[in-house]
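Here is the structure we will look at, set down as structure tokens.
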Number of protein chains: 2
Amino acid sequence: MKLSQRGEYALRALLVMGMNHGPGVIRIKDIAQQQNIPRRFLEQILNDLKSAGFVQSKRGVAGGYRLQRGPDQISLADIIRHLEGPLAPVGCVSVNYYQRCSCPDEDKCAIRSVMQEVRDAIVGVLEGVTVAHMCDRVRDLQGPLVNPLDYVI
Amino acid sequence: MKLSQRGEYALRALLVMGMNHGPGVIRIKDIAQQQNIPRRFLEQILNDLKSAGFVQSKRGVAGGYRLQRGPDQISLADIIRHLEGPLAPVGCVSVNYYQRCSCPDEDKCAIRSVMQEVRDAIVGVLEGVTVAHMCDRVRDLQGPLVNPLDYVI
DNA sequence: CAATACTTGACTCAATCAGTCGGGATTCTA
DNA sequence: TAGAATCCCGACTGATTGAGTCAAGTATTG
């Protein structure tokens, strides 16, 4: 029931890109500095997000990253599933990463039925929140007066 | 967002003890066999549950384990918290295992506010379910005709 | 006393996490 | 067209955790 450091960094980076979404790109270095993330590690993470289709990159001098889809098209559930695997606490209630467990009859397993509820609760929240929603929250929480580049994520 | 094998075994064992709750004790060996859990590993787990006050033990020939409190006094949240640590996906929204994170202002962190909701959703389910509830579910799911010792957990 | 069970602590082995590093490929700009 | 800036890729490391295993010990009962 845990989000890894890697996952948290990814969310922060995506949020920065969401807040500055537009035709231009943002450098890894800037994200790393602003969010206090080890640069080399962030490179690795963004590369991963790229091959998963969440972001796109531009190489060379004026290079950097931007979101591939619109911020409203990327749910936290998608991101976290890609980074951390199943959202469900046990494999036997996971929809996207289902794995049979050792109990003799899943349909009659009481533990499974509780974990099913936990899964649904988690997914309910995470499917409903997109990067765009997160950006709205940032603006709500921090008021309208801040310079866009200074937002605290 | 994951329940370890250890955690699952613990729940299964507690559920067996819940189903057979009474003055007598149940042997590790029986639980291990019935639930297909490595015996040595289960010993370790039950020992842990004992020092946490969930179960009590009796040594010697007619020895074994039983629940210390009534099955309705033990919530899944308690058990999992003890076994796996925080229920919250990130430390900065955990009530019982709070840990400050690296962001400059927690109250204005959008990621945190979402994770707060996730935590509340998880805890909402898990606090509401006790071992007794689980036993009811077992009976509901499996019908009233099964021999108490044969319940499939 | 012998058999049965729990008790305790150490130990292994593999996988995952959180990074780090070196060097390569592109692209812009002077 | 050289050189700087930037992303790209794979390998590597060190610490921690997960899932067990094992040996020897202690208590209880018949």
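Letters A, B, ... mirror the listed sequences (proteins, then strands); counts begin at 1.
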So, under a plain 3.5 Å distance rule, would you say the side chain of A:Gln44 forms a donor-acceptor pair with the base of C:dT20? yes
Which nucleotide in D:dC8, C:dA18, C:dT7 has an atom nearest any side-chain atom of B:Glu43: C:dT7
B:Pro38 side chain: which of D:dT29, D:dT21, C:dG19 is closest? D:dT21
Between C:dA5 and B:Ser57, is there an OP1 or OP2 to side-chain N/O distance shorter than 4.0 Å? no
Does the side-chain contact (heavy atoms from CB on, under 4.5 Å) test come out yes or no for B:Tyr65 and B:Ile26, once each step is laid out? CA-CA 5 Å; B:Tyr65 284 91; B:Ile26 312 175; 5.8 Å; no
Does C:dA5 have its OP1 or OP2 closer than 4.0 Å to a side-chain nitrogen or oxygen of B:Arg27? yes
So, is B:Tyr9 near the phosphate of D:dG20, with a side-chain N or O under 4.0 Å from OP1 or OP2? yes
Please state how far atom CD1 in A:Ile45 lies from atom P in D:dC8, giving the value in whole angstrom units. 14 Å
Please tell me if A:Asn47 has a side-chain N or O lying less than 4.0 Å from either OP1 or OP2 of D:dC7. no
Residues, nucleotides or ligands: over 12 heavy atoms within 6.0 Å of A:Gln99 CD: no
Between the base of C:dG22 and the side chain of A:Arg40, is there a donor and acceptor pair under 3.5 angstrom? yes
If you check the B:Val61 side chain, which of D:dC8, C:dT4, C:dA18 turns out closest? C:dT4
Short side-chain N/O contact to C:dC28 OP1/OP2 from A:Lys58, under 4.0 Å: yes
Under a 4.0 Å threshold between the charged nitrogen and the carboxylate oxygen, would A:Glu43 count as salt-bridged to A:Lys29? no
Atom of B:Val25, atom of B:Ala62 and distance for their closest heavy-atom approach: CG2-O, 3.5 Å
Under 4.0 Å between any heavy atoms, over every strand shown, what does A:Gly60 touch: base, sugar-phosphate, or nothing? Just pick one. base
To the side chain of B:Arg59, which of D:dG25, D:dT29, D:dC8 is closest? D:dG25
Considering only side-chain heavy atoms of B:Ser4, which listed nucleotide, C:dG19, C:dC6, D:dA19, is closest? D:dA19
Sugar-phosphate, base or nothing in reach of B:Ile28, heavy atoms under 4.0 Å: sugar-phosphate
Could you tell me whether A:Asp140 and A:Arg137 make a salt bridge, using a distance below 4.0 angstrom between a side-chain N and a carboxylate O? no
